[in-house]
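Structure, as structure tokens:
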There are 2 protein chains.
Amino acid sequence: MFLLKDLPTSETFKKFKADYPDLDIPRTALFLRLLRVGSDLMTILDAYLRPFGLTHGRWITLILLHREDTHRVVPSVLANKQGVKRATMTNLLDRLERDALVRRVACNQDGRSVQVELTKAGKQKLDEIMPGYYRMVKGLFREIESTTIKEMTQVLDELRRGLKGIE
Amino acid sequence: MFLLKDLPTSETFKKFKADYPDLDIPRTALFLRLLRVGSDLMTILDAYLRPFGLTHGRWITLILLHREDTHRVVPSVLANKQGVKRATMTNLLDRLERDALVRRVACNQDGRSVQVELTKAGKQKLDEIMPGYYRMVKGLFREIESTTIKEMTQVLDELRRGLKGIE
DNA sequence: TGACATTAGTTAGCCAGCTAACAATTTAAT
DNA sequence: ATTAAATTGTTAGCTGGCTAACTAATGTCA
């Protein structure tokens with residue numbers, strides 16, 4: 001999905017600093033690494049999901065449905081929680097419904113709306129996917145100490161709070 | 001570009017842990033945050049670039065050309081450094097050339113190949129973009145201490161080394 | 001030298017996001 | 001009560017990645 005495999009070396013940074021003195025080298029280095037790692041993790045995730053016939057988008061939708069105890073949610077709520085547009089959710093649900101992992105049910109309260117629920121096959125698909133997914137995640141971070149994991153999570157949360165309202 | 005706006009709460013994690021005991025909560029929490037932050041930063045970056053008529057993909061290509069002192073590179077090398085397929089590079093260059101930011105020049109050594117160079121307008125475009133970009137990056141991380149920035153960069157580099165060969 | 005493999009760039013067509021515009025319905029305001 | 005505004009899901013069409021297949025040129029090795 002993204003961006004610049006060859007991160008700048010310190011020589012490259014110096015060259016750019018000469019041209020553009022606003023450059024803050026450590027912060028830009030971190031910025032690029034965050035983009036790079038996010039991109040790499042995404043690629044790994046989608047590669048894991050492909051054999052199950054899913055993309056990360058459709059997989060997340062299944063998970064959001066599984067989160068609900070009722071297992072019934074309205075598409076616009078799903079779109080909000082997932083962070084995609086309603087139109088995108090329509091596509092995701094079309095495909096998931098075609099694959100019989102999800103079912104649309106007419107809603108009695110609101111004539112505009114629809115409710116979506118996980119089918120038995122959908123739950124089964126999650127049961128196939130999740131254990132391997134969790135083991136994969138554990139494996140990706142096996143080299144990193146637990147305290148480091150937690151510190152980093154905190155910093156990222158702080159960063160996310162700062163980011164809110166910008167995008 | 002990606003993924004799950006509503007990260008799981010600790011209740012959600014507990015529910016999933018009950019269903020899927022392989023779940024390592026701290027590592028999964030970090031995994032999701034890295035994806036989330038990468039996605040948010042990407043969105044912010046593309047929003048910054050849009051008024052200049054660029055996407056991050058085309059912008060990176062310009063930067064890679066600017067990195068070269070000769071300012072002349074072959075498309076396949078660009079594709080490798082950027083981490084996209086040659087076919088994608090063809091698209092990027094088509095659009096950049098249409099916008100006169102880049103020029104393709106026939107290569108004498110190798111009849112199959114082409115060389116790409118930044119035009120004056122391309123350099124000028126970078127000069128418009130980069131100072132604001134660097135100030136933006138500085139702003140995004142203003143709340144985070146310098147030592148934290150450096151520690152995090154190191155951890156991400158360690159992580160990236162571990163990721164190599166997986167994707 | 002000649003056959004075969006490899007490499008460079010392109011083309012064509014897929015996919016999953018996006019925005020904009022729409023009809024149907026519900027909600028709010030006077 | 002009626003009109004105006006907002007919301008729901010969908011459709012249509014754009015974008016920027018991707019893979020697969022192609023042509024042209026170059027390298028390799030019997």
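All values below were derived from every heavy atom in this structure, side-chain atoms included, with hydrogens, water molecules and symmetry-related copies excluded. Residue numbering restarts at 1 for every chain, and letters A, B, ... go by the order of the sequence lines.
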Smallest heavy-atom separation, B:H66 atom then A:K15 atom, equals O-CE, 3.4 Å

May I ask you to evaluate whether [X] reaches the phosphate of [N], defined as a side-chain N or O under 4.0 Å from OP1 or OP2?
X	N	answer
A:R104	D:dT10	yes
B:S76	C:dA8	yes
A:R58	C:dA16	yes

Look at all strands and tell whether A:T88 reaches a base, only sugar-phosphate, or nothing, counting heavy atoms closer than 4.0 Å. base

Residue [X], side-chain atoms from C-beta onward, closest of [options]:
X	options	result
A:A87	C:dG9, D:dG9, C:dT19	C:dT19
B:L92	C:dC18, D:dG17, D:dT11	D:dG17
B:R86	C:dA16, C:dG9, D:dG9	C:dG9

Is any side-chain N of the basic residue among [X] and [Y] closer than 4.0 Å to the acidic one's carboxylate O?
X	Y	result
B:R36	B:D40	yes
A:D46	A:R50	no
A:D94	A:R98	no

Would you please classify the geometry between the B:F141 ring and the A:F31 ring as parallel, tilted or perpendicular, with 30° and 60° separating the classes? perpendicular

Evaluate the ring planes of B:Y48 and B:Y133, with Trp represented by its six-membered ring, and classify them as parallel (under 30°), tilted (30 to 60°) or perpendicular (over 60°). tilted

Let me spell it out: for each of A:V84 and B:T90, pick the nucleotide of DNA chain C with the closest heavy atom. Which residue's pick is nearer the 5' end? B:T90

Rounded to whole angstrom units, what separation is found between the [atom1] atom of [X] and the [atom2] atom of [N]?
X	N	atom1	atom2	value
B:D46	D:dG16	CG	P	9 Å
B:M42	C:dC18	CE	C1'	14 Å
A:N91	D:dT10	CG	P	10 Å
A:K85	D:dT8	NZ	C1'	15 Å
A:L54	C:dC15	CG	P	14 Å
B:H56	C:dG17	NE2	P	15 Å
A:D40	D:dG17	CG	P	16 Å
A:R95	C:dC15	CZ	C1'	10 Å

With ring centroids as reference points, do B:W59 and B:F52 lie under 6.0 angstrom apart? no

Could you run down the sub-3.5 Å N/O contacts of the protein with nucleotides 24-28 of chain D?
residue : atom : partner : partner atom : Å
D:dA25  : O3'  : B:G111  : N            : 3.4
D:dT26  : OP1  : B:G111  : N            : 2.8

